[in-house]
2 protein chains.
Amino acid sequence: MTHSNPRLEQILHRLRERDFRLTPQRLAVLRILVESKEHPTVDQIYEQVRRDFPMVSRATIYKTANLLKSLGEALEVGVLDGRSRYDGNKPYPHPHVICTRCKKIIDFEGLPTTDLVREVIEKTGFQVETHQIDFFGTCPQCCEAEQN
Amino acid sequence: MTHSNPRLEQILHRLRERDFRLTPQRLAVLRILVESKEHPTVDQIYEQVRRDFPMVSRATIYKTANLLKSLGEALEVGVLDGRSRYDGNKPYPHPHVICTRCKKIIDFEGLPTTDLVREVIEKTGFQVETHQIDFFGTCPQCCEAEQN
DNA sequence: TTTCGTGCAAACATTTTGCAAAATC
DNA sequence: GATTTTGCAAAATGTTTGCACGAAA
């Protein structure tokens with residue numbers, strides 16, 4: 001048995017609280033979502049879960065991802081490439097920096113997002129619930145690769 | 001004949017420059033993109049163009065939108081609702097504030113995006129090419145409506 | 001007259017849905 | 001045992017593509 005992850009425990013607790021059932025497939029998806037930093041697509045999660053559960057279907061992955069999103073326990077990240085990516089590590093919104101060449105997505109904590117949100121609320125009167133801040137470009141490794 | 005729009009003229013100039021042809025359908029799409037502030041979806045553009053050109057097809061709208069995007073003359077805005085929206089007013093990236101209730105999307109200029117981009121470049125080494133900064137929530141009008 | 005753009009239909013890709021069987025609680 | 005979840009297939013949605021015809025330069 002792998003060692004436990006506090007974030008995973010937290011989600012499991014929330015699920016039990018609301019009388020959602022814990023199936024092996026669901027647990028597998030949860031593990032991937034909380035453990036991976038790669039903001040995986042549904043298909044990537046599917047392929048990984050399939051190693052342990054060859055009969056799993058994509059529908060299950062979609063349903064689990066949507067459940068977690070609706071519970072506020074996973075974040076959907078849109079990268080304008082026609083497929084959704086999910087982040088179960090940090091269920092709060094945070095900026096990403098995305099390499100359009102190698103498709104790598106990294107979290108970027110170094111921005112005063114709280115201040116930005118406050119600014120928007122003050123100036124627009126919106127009741128801001130979430131946000132998405134993403135920067136697109138070429139990562140240092142790919143920049144170098146392009147020189148060749 | 002409606003009065004001319006400098007932004008439209010600019011795009012027309014760029015098209016001519018690169019030997020793209022000016023068809024009535026294309027012009028209609030261009031007009032809508034530069035004149036509307038609503039960040040319309042392909043379908044919304046299609047319905048509007050169809051009033052003047054009943055035989056127009058969605059493919060033409062898609063092709064025109066993609067052409068403009070590739071020329072850097074229109075911005076694709078992803079709102080995580082599974083369809084793309086386009087902005088031909090300001091071809092440079094800028095923050096949006098989006099009402100998740102009435103789907104309104106407004107531009108928001110009041111953020112130091114240049115500084116944010118510089119910060120990201122400095123701290124990540126990425127060659128940042130574009131960005132997407134969007135805030136989601138409820139607009140003042142919809143907030144009020146929810147009280148009832 | 002040459003080349004490009006349009007419109008149609010088919011193809012694709014992603015996500016959602018309905019439902020019977022299986023699993024959880 | 002009651003109810004939820006799964007897996008499958010079909011459907012729904014959004015977007016792209018191939019191609020013949022028509023239009024722009």
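Every chain is numbered from 1 and lettered A, B, ... according to where its sequence line falls, protein lines coming before strand lines.
- Proximity note for A:Ser84 (side chain, C-beta onward) versus C:dT15, C:dG5, D:dC8: the nearest is C:dT15.
- Side chains of A:His39 and A:Asn89: no donor on one and acceptor on the other come within 3.5 Å.
- Side-chain nitrogen and oxygen atoms of A:Gln25 include none within less than 4.0 Å of the OP1 or OP2 phosphate oxygen of C:dA23.
- A:Pro54 comes within 4.0 angstrom of nothing in the nucleic acid, heavy atoms only.
- A:Arg83 comes within contact range of the sugar-phosphate backbone alone, with a heavy-atom separation under 4.0 Å but no base atom that close.
- For A:Gln44 and C:dT15, the CD to C1' distance is 16 Å, given to the nearest whole Å.
- A:Ile32 and A:Pro40 get closest at one heavy-atom pair: CG2-CG, 4.5 Å.
- Within the 4.0 Å cut-off from OP1 or OP2 of C:dT6, at least one side-chain nitrogen or oxygen of B:Thr23 is found.
- Here the side chain of A:Thr60 is nearest to one of D:dC19, D:dT6, D:dT15, namely D:dT6.
- Considering only the side chain of B:Val56, C:dG7 comes nearest among C:dT6, D:dA9, C:dG7.
- At a threshold of 4.0 angstrom between heavy atoms, the contacts of A:Arg26 are confined to the sugar-phosphate backbone, with no base atom among them.
- At a threshold of 4.0 angstrom between heavy atoms, the contacts of B:Asn66 are confined to the sugar-phosphate backbone, with no base atom among them.
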